[in-house]
Structures are given as C-alpha cells and as structure tokens.
Amino acid sequence: MSDTPLATAPDFTLPSTAGEVSLSALKGAPVVLFFYPRDDTSGCTKENEAFTALQPQFEALGVKLFGVSKDSIASHEKFMTKKALTVPLLSDEGSDLCEKFGVWKEKSMYGKTFFGIERSTFLIDAEGRIAREWRKVKVPGHAEEVLEAARAL
C-alpha cells in the first residue's frame, strides 16, 4: 500500500478485549485507532497508559478509542491486567487491518531489516472519513494531541 492518505477508513471486523468490533457498527461516533508495535514494551506501554489516562475525556466527546497490534487477545488481556489499561485492544494477528491502513512497514534495527507496525494513529469522524492521521508517532504528548483534534471535530 502507498503512503497516500486514506479518505475513508476501511471497514473491518476484529476480535478485541471487549468482544468483536466492526467499524461499520460504530458509524455515528468518532473513532480513534492507534496502531502500536507490541504489547508490554516500553514505548507501547507508555502510549497505552497515556490513552488510558485520557479515556474519560475521549468518552465525554463520544469518541470510541481502540489500540491495535498484531498481538493475540491473550497477550492483550495479560498486558491490560499487568498495566491496568482500560482502552480496548484489537488483535490484528493476520496484519490485514495494518496493511489496509498502510502501517505494516519495512523497518530496520541493529542492521537487521524486518516488517513491523509503524506507530500510527487515525482519527475517524462519525461518517467514517479519516479526519486526521499521525504517522511515525513519538509517544510523549501524542495522546493529548489526538484529544485536541477530537475536540475540534
């Protein structure tokens, strides 16, 4: 997939820690999807904790909030319990949703090349259009920036 911004969010149905989630079933409410590389790693923990801390403010705006990674539901549940997280986590084990959103990228670390999730966030309006996207996210201050954008919808 190209890096061309998406106009409309692709529909999906995935298992989550709160039961099955379909984007089409959420129509009428804004949605935030934040894609992160892996459960229980430093940056991903900080990002999930930041969204958990702001979850009541997102909910007050009527915004549905979900984290997405390729980890299994069992991994997500363990991560949520260990870190006292409350934002539902979607399991995209087949990386289908990651590919649709263009966040499954070739990465390199310590001279090795591999594929992984590029930390990215998408704010989807109540009509299913992508209102804003953030790619190559740096965690500090990010959840707050997404909340501000949600307030502006």
Side-chain angles (χ1 to χ4, degrees), residues 1-41 43-77 79-81 83-105 116-153:
M1 181 172 193
S2 71
D3 286 331
T4 307
L6 299 167
T8 303
D11 193 22
F12 64 85
T13 300
L14 283 175
S16 88
T17 53
E20 195 172 81
V21 173
S22 294
L23 185 60
S24 55
L26 298 170
K27 206 162 200 164
V31 175
V32 169
L33 295 177
F34 63 95
F35 290 83
Y36 64 96
R38 178 173 235 136
D39 287 345
D40 209 11
T41 56
C44 299
T45 297
K46 287 183 175 90
E47 183 176 26
N48 273 278
E49 288 172 338
F51 278 111
T52 289
L54 295 175
Q55 188 177 15
Q57 293 175 60
F58 280 101
E59 287 175 351
L61 297 170
V63 176
K64 307 292 185 194
L65 194 54
F66 299 95
V68 185
S69 80
K70 287 177 51 83
D71 295 297
S72 67
I73 291 297
S75 173
H76 283 340
E77 288 172 343
F79 178 43
M80 289 180 75
T81 300
K83 300 296 182 179
L85 304 172
T86 57
V87 174
L89 301 178
L90 301 172
S91 175
D92 186 28
E93 288 186 90
S95 75
D96 185 51
L97 188 62
C98 293
E99 289 179 29
K100 285 179 180 177
F101 274 88
V103 302
W104 187 242
K105 302 275 190 178
I117 293 175
E118 178 182 82
R119 192 181 310 278
S120 304
T121 301
F122 298 85
L123 175 60
I124 302 163
D125 72 15
E127 304 306 311
R129 291 182 302 262
I130 295 183
R132 181 108 186 257
E133 63 181 66
W134 295 262
R135 303 229 179 219
K136 298 181 182 173
V137 166
K138 301 290 182 235
V139 173
H142 176 63
E144 293 80 0
E145 187 179 337
V146 175
L147 180 61
E148 287 308 309
R151 284 189 176 123
L153 279 181

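We number each residue from 1, following the sequence as shown.
- Atom CG in L61 sits 8.5 Å away from atom CG in L153 (nearest 0.5 Å).
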For this session: Tell me, with the steps shown, if V87 and T52 meet side chain to side chain contact (heavy atoms under 4.5 Å, CB included).
Result: CA-CA 6 Å; V87 174; T52 289; 3.8 Å; yes

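- By the 4.5 Å heavy-atom criterion applied to side chains, K105 and K136 are not counted as neighbours.
- Counting only heavy atoms from C-beta outward, the side chains of R119 and V139 approach each other to under 4.5 Å.
- By the 30° and 60° cut-offs, the orientation of the rings of F51 relative to H142 is perpendicular.
- Judged purely by atom type and a 3.5 angstrom limit, S91 uses its side chain to pair as donor or acceptor with the backbone of D71.
- S24 contributes no side-chain N or O that, together with a main-chain N or O of S22, makes up a donor-acceptor pair within less than 3.5 Å.
- The minimum heavy-atom distance linking P10 with F101 is given by the pair CD-CZ, 3.6 Å.
- Expressed to the nearest 0.5 Å, how far CG of L65 lies from CG of L54 amounts to 8.5 Å.
- V137 has its side chain out of reach of F35: every pair of non-hydrogen atoms, C-beta onward, lies at least 4.5 Å apart.
- E148 has a carboxylate O that lies under 4.0 Å from a charged side-chain N of R151, or vice versa, which qualifies the two as a salt bridge.
- Between L90 and F12, the closest side-chain pair of non-hydrogen atoms falls below 4.5 Å.
- Residue I130 comes nearest to A9 through the heavy atom pair CG1-N, 3.9 Å, listed as atom of the first residue, atom of the second, then distance.
- Taking every heavy atom of both residues into account, A143 and F58 meet most closely at O-CZ, 3.9 Å.
- How far OG1 of T17 is from CG of L85: 9.5 Å, rounded to the nearest 0.5 Å.
- Separation of atoms CD (Q55) and OG1 (T86) is listed at 3.5 Å; rounding is to 0.5 Å.
- When all heavy atoms of A126 and K27 are compared, the pair lying nearest together is O-CG, 3.5 Å.
- Residues R38 and S75 are not in side-chain contact: their nearest non-hydrogen atoms beyond the backbone lie 4.5 Å or more apart.
- Using modelled atom types, no side-chain atom of D96 and backbone atom of K100 make a donor-acceptor pair closer than 3.5 Å.
- Here the side chains of E47 and T121 are in contact, with some heavy-atom distance below 4.5 Å.
- Put simply, NZ on K46 and OG1 on T41 are 9.5 Å apart, with the number rounded to the nearest 0.5 Å.
- Summarising the geometry of P88 relative to S16, their closest heavy-atom pair is CB-OG, 4.5 Å, with the distance given to 0.1 Å.
- Between A150 and V63, the shortest heavy-atom distance links the atoms CB-CG2, 4.1 Å.
- The distance from atom CD1 of I73 to atom CE of M80, rounded to the nearest 0.5 Å, is 9.5 Å.
- Side-chain atoms of L23 and D11, non-hydrogen and from C-beta on, do get closer than 4.5 Å to each other.
- A 4.5 Å side-chain heavy-atom check between F122 and V103 finds at least one atom pair inside the cut-off.
- With hydrogens and angles disregarded, no donor-acceptor distance shorter than 3.5 Å links the side chain of D40 to the backbone of F79.
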